[in-house]
Amino acid sequence: MAIPNLAGTLRRSLLIKIISKPAPSREDVSSVIELTASKVVEALQAQSMTLYLVEGNDIAFRHVYYSPTLWAENPSLEQRLQETAGKLLAMRLPLGKGVVGKVISSGEPVFFRNTETQAPFMSSLTHTTGFDVRSMLTVPLKTNVVIGAIQVLNKELHAGTGGEFTDHDLTLLQEVAEYSAALLQRMIDPRSQLSADDTAKFIARLTDLPLVTNAEELEIDDKLIEVTGDAIIRREGVFPHKRVSPSSVAVLMTNPLDYAKREAFTQATDLAIDEVRVVSATLFDTLLKRFFKENKAASAAVSDDVDISSVAEVISTAYSPDGGAELSAADLESEESAPIIQLTNRIIEDAYVSGASDIHIEPMEKDLLVRYRIDGLCQEKLRLPKQVSNALVTRLKIMCNLDIAERRLPQDGRIVFKKYTKKNIDIDLRVATGPMNHGEKVVMRILDKQKSTLPLPALGFSDENLAKYRECIRQPYGMILHCGPTGSGKSMTLYSALSEVNTPDVNIQTAEDPIEYTLPGLNQMQMNRQIGLTFARALRCYLRMDPDVILVGEIRDEETAGIAVEAALTGHLLVSTLHTNDAPSTVARLSEMGIEPFNISASLVCVCAQRLLRRVCKTCKVPYEPQGREKEILEKALGWSGQIFKASAQGCPACSGTGYKGRIGIHELMTNSEELTEAINKEVEVAELKRVAMKNGMKTLHQDSMLKVRQGHTTIEEALANVPPDLIL
């Protein structure tokens, strides 16, 4: 049985899957065996490899490999060896029998070569295997007990050793067996625990990267660590310890295969990663405590729940119901002067590191609730004494220059957070306050300036929709609209589209409220309604500034809609957003704003409705065959039914026990056509407009959500919770 040709990407994905599980399942045994087998064959250049595991009182064959070089001159041998492999995989040997039994019993390796004394045994092996055997290595898979063995026959002739293994090969095979045995034992025996050091050793060996076990052997640049800041190091899991060049660094990671974290670190620091070493999670934590011990409370606050709760406990004591403490104006002037100010910063920092998109400060009848929105769902973070409410809201108002005396009317503002923190966290927060029945509520949208736009293929577009959308954004003029509720990813899609067409020969002007991402090469204008700078006024200005592409943050009123259509009809490509439920409804919305149907049909290039669905966790998702209603929904939407995935009820550490991690977009792309133009001009109902668009190839939001379910990106429960089935399918 030929070993799978595990490409680097597959090997990396398998390894990430295994090491990310605190308690890997028995199904992962085969993955570890394949990884071990591929590593052995690659490192030793073996012609044959067999892996055995002890099962009860027997020894089971768990993997058999034969190199194609064995039958290069005798093709008929291939079939015989394949048949032999099948028979061996079905066989069991009694414990203690043969060379393998001896190795498992003694826990010591065996090395046979074609010497004078060992020639008879080698001759018998040749007769048994059906090919010439020149050397054999057998080593135990040993932890605190022996759980199996690895046996290899013959080194490839092109390796230059005459087909015989060397003492170096024996040492290397023992190393592979050592770190593989530890992980296999952990999965076979639920009581067995893999230490952080063993995990690091396993990762280092399979990635061929240096392993660091002692911090004293490192060259550490204190200034580099200080400049990077603990927030980035903790968030990305990347510890830079020295500069390799002015623009690159050497780093330590517990999981060097997490390329998303490596890329995020580079984007946040503008430092390329040139060298990577592996460290255990224990050593990584030790380094964090060593270099950030002076700011223990602050650094802990951004790393786990316990410490931010301890900061809140200090506040709770100071503002207990009996104390009735109040803050003076002087207390609000610097971060170090009052616990309430430190708590405000800790909440924002913790939300940022947790990947939250919004922070909710909500006064209740008896306490103050702090919630984060992560992956589209609100999660409770803290409960504070009610007496903290006024002080916390006042602090936030001061940070965004709002009227602290006005508590009866809603207010909007913006916090430039780097003014209030010493950490390397460059974010802005869009703040909205409003009077509720128990006090003022504050909601803050986090705008991460360090986050770059994603490429269009990473946004979840299907291949068909991506091709159509790319064609639309390269049109010389017309109007492209994105619709969907707040938080559906419209802004990210627009920025990604502009990044794709952003070249030196294209003049791109944007009118935004607020500017969420700062992109090089774009002329971006921040709206300010207080001084009369509205979208409509910005659009009039842009029409006199020779634009090629204009982005309008949102079409909210008749005046803005009219100027937008005028721009699209006069040789400019205009992209913007609207709040409608689906793509066909956008036409009706524009009509309600007073735009004539013939102007809509003449200017419209496409409408893209979108939503964000939670991704099912790749580490713990559970495959199953849908039945009943679920199967019917899939067949009706896609004409297909088969294996899909559901979220694990218990979750795992990778997804914080939720079963979901990250989000993916679904899209309903309605492109203009002759039939659609005719339907718009006739002012047909939205349902009829949708039928026309579907006849022209539009896939509805529901159909695209079912496609993501089929591809294993999300679950059918998540898809139906966001988009109901189509009535007209």
Side-chain angles (χ1 to χ4, degrees), residues 13 17 25 27 375-377 456-469 483-485 487-489 493 580-585 607-652 654-655 658-671 686-729:
S13 65
K17 171 188 173 185
S25 62
E27 290 78 22
D375 290 339
L377 291 183
L456 283 175
L459 299 181
F461 280 101
S462 66
D463 293 340
E464 181 184 355
N465 280 345
L466 180 60
K468 289 181 180 178
Y469 188 69
C483 59
S488 60
T493 307
T580 58
N581 287 330
D582 58 11
S585 300
V607 180
C608 181
Q610 60 186 89
R611 300 287 190 279
L612 289 176
L613 304 184
R614 291 184 295 164
R615 286 182 181 268
V616 65
C617 179
K618 297 177 182 177
T619 304
C620 63
K621 64 183 180 182
V622 181
Y624 75 104
E625 290 284 338
Q627 301 295 329
R629 175 65 174 158
E630 289 185 349
K631 184 176 181 181
E632 181 184 332
I633 290 173
L634 278 168
E635 289 177 343
K636 191 173 182 181
L638 302 177
W640 171 90
S641 180
Q643 179 181 285
I644 57 176
F645 294 89
K646 61 183 176 182
S648 169
Q650 295 77 29
C652 68
C655 59
T658 64
Y660 295 90
K661 180 69 174 177
R663 291 194 286 178
I664 188 171
I666 56 171
H667 305 86
E668 179 178 280
L669 190 64
M670 183 179 78
T671 56
V686 171
E688 181 60 29
L689 204 61
K690 191 169 188 174
R691 290 190 182 91
V692 173
M694 291 177 68
K695 288 178 184 177
N696 283 278
M698 183 186 81
K699 297 294 187 294
T700 65
L701 282 170
H702 171 64
Q703 288 176 312
D704 200 42
S705 70
M706 290 300 108
L707 179 61
K708 300 302 186 293
V709 171
R710 175 180 178 176
Q711 293 170 343
H713 297 308
T714 190
T715 64
I716 197 164
E717 293 88 352
E718 175 70 9
L720 294 177
N722 283 271
V723 183
D726 295 308
L727 297 176
I728 64 174
L729 282 179

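When reading the values below, keep in mind they use all heavy atoms of this one structure, side chains included, and skip hydrogens, waters and symmetry mates. This chain uses plain numbering: 1 for the first residue, then up along the sequence.
To the nearest 0.5 Å, the span separating NZ on Lys636 from CD on Gln703 amounts to 11.0 Å. Once rounded to the nearest 0.5 Å, the distance linking CG of Leu707 with NE2 of His713 reads 7.5 Å. To the nearest 0.5 Å, the span separating NZ on Lys621 from SG on Cys652 amounts to 12.0 Å. Distance check: Asn722 CG to Ile666 CD1 gives 6.5 Å after rounding to the nearest 0.5 Å. To the nearest 0.5 angstrom, Glu668 atom CD is 10.5 Å from Ser705 atom OG. Here Ile644 contributes atom CD1 and Thr714 contributes atom OG1; the two are 10.0 Å apart, rounded to the nearest 0.5 Å.
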Requested in this report: Report the C-alpha distance between Ile716 and Arg710 in whole Å, list the side-chain angles of each, state the deciding distance to 0.1 Å, and finish with yes or no for side-chain contact (heavy atoms from CB on, under 4.5 Å).
Outcome: CA-CA 9 Å; Ile716 197 164; Arg710 175 180 178 176; over 6 Å; no

Query raised in the report: What do the steps show when you test Lys708 against Ile664 for side-chain contact (heavy atoms from CB on, under 4.5 Å), and what is the final call?
Result: CA-CA 9 Å; Lys708 300 302 186 293; Ile664 188 171; 4.0 Å; yes

Query raised in the report: Are Glu717 and Glu630 close enough, and set up right, to give a side-chain contact (heavy atoms from CB on, under 4.5 Å), and what steps lead you there?
Result: CA-CA 9 Å; Glu717 293 88 352; Glu630 289 185 349; 3.7 Å; yes

Query raised in the report: Does the pair His702 and Ile633 meet the rule for a side-chain contact (heavy atoms from CB on, under 4.5 Å), with working shown?
Result: CA-CA 10 Å; His702 171 64; Ile633 290 173; 3.7 Å; yes

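The shortest non-hydrogen separation linking Tyr469 to Thr493 is OH-CG2, 4.0 Å. Contact detail for Leu613 and Ala719: the closest heavy-atom pair is CD1-CA, 4.1 Å. The minimum heavy-atom distance linking Glu625 with Gln643 is given by the pair OE2-N, 3.5 Å. The two atoms that bring Gly484 and Arg611 nearest to each other are CA-NH1, 3.8 Å, heavy atoms only. The two residues Ala647 and Val616 make their nearest non-hydrogen contact at CA-CG2, 3.9 Å. Pairing each heavy atom of Ser488 with each of Leu612, the nearest pair is O-CG, 3.5 Å.
Taking the side chain as every heavy atom from C-beta outward, Leu720 and Met706 approach each other to under 4.5 Å. Looking only at side-chain heavy atoms (C-beta outward), Trp640 and Leu634 come within less than 4.5 Å of each other. Counting only heavy atoms from C-beta outward, the side chains of Met694 and Thr700 approach each other to under 4.5 Å. Contact of the Ser462 side chain with the Asp704 side chain is registered, since non-hydrogen atoms from C-beta on lie closer than 4.5 Å. With contacts defined as side-chain heavy-atom distances shorter than 4.5 Å, the pair Cys617/Tyr660 does not qualify. At a threshold of 4.5 Å between non-hydrogen side-chain atoms, the residues Lys661 and Lys618 do not count as touching. Side-chain atoms of Gln610 and Leu459, non-hydrogen and from C-beta on, never get closer than 4.5 Å to each other. Residues Met698 and Asn465 have side chains not in contact (no heavy-atom distance under 4.5 Å, counting atoms from C-beta outward).
Although no hydrogens or angles enter the test, the distance criterion places no donor-acceptor pair under 3.5 Å between the side chain of Lys646 and the main chain of Tyr624.
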